[in-house]
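These numbers were taken from a predicted model, which means no experiment stands behind them.
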Amino acid sequence: MKMRSFFVALLVVGATSASAPAGSPSSEGAFRVFGQVQTPKIVTVRALQKLPDTNQNVTYFAAGSVVSHSFTGALLWDLLQSVGIIVNPAIKNDILRKTIVVTGTDGYVAVFTAGEIAPNFGGNQVLVAYEVDGQPLGTDGPAEIIAPGDKAGGRFVHNIATIEVRDGTK
């Protein structure tokens, strides 16, 4: 019986340590944007709502079936412009060398290139959503990445913890 209590206690400790620590951005309904940016910052839903909003109806494959939802949020490009992606003007199209790594609080990761979302290159409308079907995301966290052009939801990151801009040459 003592062994069973030990395992139950271990499970409880493991479950609580897996959640975001108190005071971390994700525990406060926010996420961190950092890396190759001029102004790293913590972003809240309120801050996202101050950026131009976009509404997109998205249909994709998830868990073996077709799913359709309407998402509202800010474009990832607009968010990154608000923190200023660092580029070297001496390097032609340096923006094309940048990657964006989005990580959820569960460790799930999706990668985008700046070239695919930059309006003058790929122009993909990747969304940092804070509403789905007119309702706040709720249990899916404060915000999630939605890649409307993807056929499957594999690059949709729920409950964003961080967005990091990296230089792809380093």
Can you see which heavy atom on [X] is nearest to which on [Y], and at what distance?
X      : Y      : answer
Gly115 : Phe121 : O-CB, 3.2 Å
Thr59  : Ser68  : OG1-OG, 2.8 Å
Val157 : Gly104 : CG1-N, 3.4 Å
Pro142 : Ala30  : CG-N, 3.9 Å
Ala114 : Trp77  : O-CZ3, 4.1 Å
Thr113 : Ile100 : C-CD1, 3.8 Å

When rounded to the nearest 0.5 angstrom, what is the spacing between [atom1] in [X] and [atom2] in [Y]?
X      : Y     : atom1 : atom2 : value
Asn93  : Leu96 : CG    : CG    : 4.5 Å
Glu164 : Gln36 : CD    : CD    : 8.5 Å
Ile42  : Phe34 : CD1   : CZ    : 10.0 Å
Asn55  : Ser70 : CG    : OG    : 3.5 Å
Asp53  : Lys50 : CG    : NZ    : 14.5 Å
Thr103 : Arg32 : OG1   : CZ    : 10.0 Å

Check your understanding: Going through the checks in order, is the side chain to side chain contact (heavy atoms under 4.5 Å, CB included) test met by Leu80 and Ile163?
Key -> CA-CA 9 Å; Leu80 294 176; Ile163 297 176; 4.3 Å; yes

Using side-chain heavy atoms (C-beta onward) and a distance below 4.5 Å, is [X] in contact with [Y]?
X      : Y      : answer
Thr105 : Phe31  : no
Gln38  : Ile86  : yes
Val165 : Thr99  : no
Asp94  : Lys98  : yes
Asn159 : Tyr108 : no
Leu76  : Leu127 : no
Thr72  : Thr54  : no
Leu79  : Val43  : yes

Review point. Can you list every pair that meets side chain to side chain donor-acceptor pair (under 3.5 Å) and has a residue in residues 117-135, with sequence neighbours left out?
Key: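 Side chain to side chain donor-acceptor pair (under 3.5 Å) check on residues 117-135 returns His69-Asp133.
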
Practice item. Would you check, one step at a time, whether the test side chain to side chain contact (heavy atoms under 4.5 Å, CB included) holds for Val126 with Ile146? Key: CA-CA 6 Å; Val126 175; Ile146 305 298; over 6 Å; no

**Study point:** Check ion pair Arg155-Glu116 (N to O, under 4.0 angstrom)
**Key:** yes

Point to revise | Chi angles and distances behind the side chain to side chain contact (heavy atoms under 4.5 Å, CB included) call for Phe61, Val67 | key: CA-CA 6 Å; Phe61 290 101; Val67 179; over 6 Å; no

Point to revise | Whether Tyr60 and Phe156 hold their rings parallel, tilted or perpendicular, with breakpoints at 30° and 60° | key: tilted

Point to revise | ILVMFWY clustering at 4.5 Å (side-chain atoms), partners of Val109 | key: Val101, Val111

**Study point:** side chain to side chain contact (heavy atoms under 4.5 Å, CB included) assessment of Val87 paired with Ile85
**Key:** CA-CA 6 Å; Val87 294; Ile85 298 174; 4.2 Å; yes

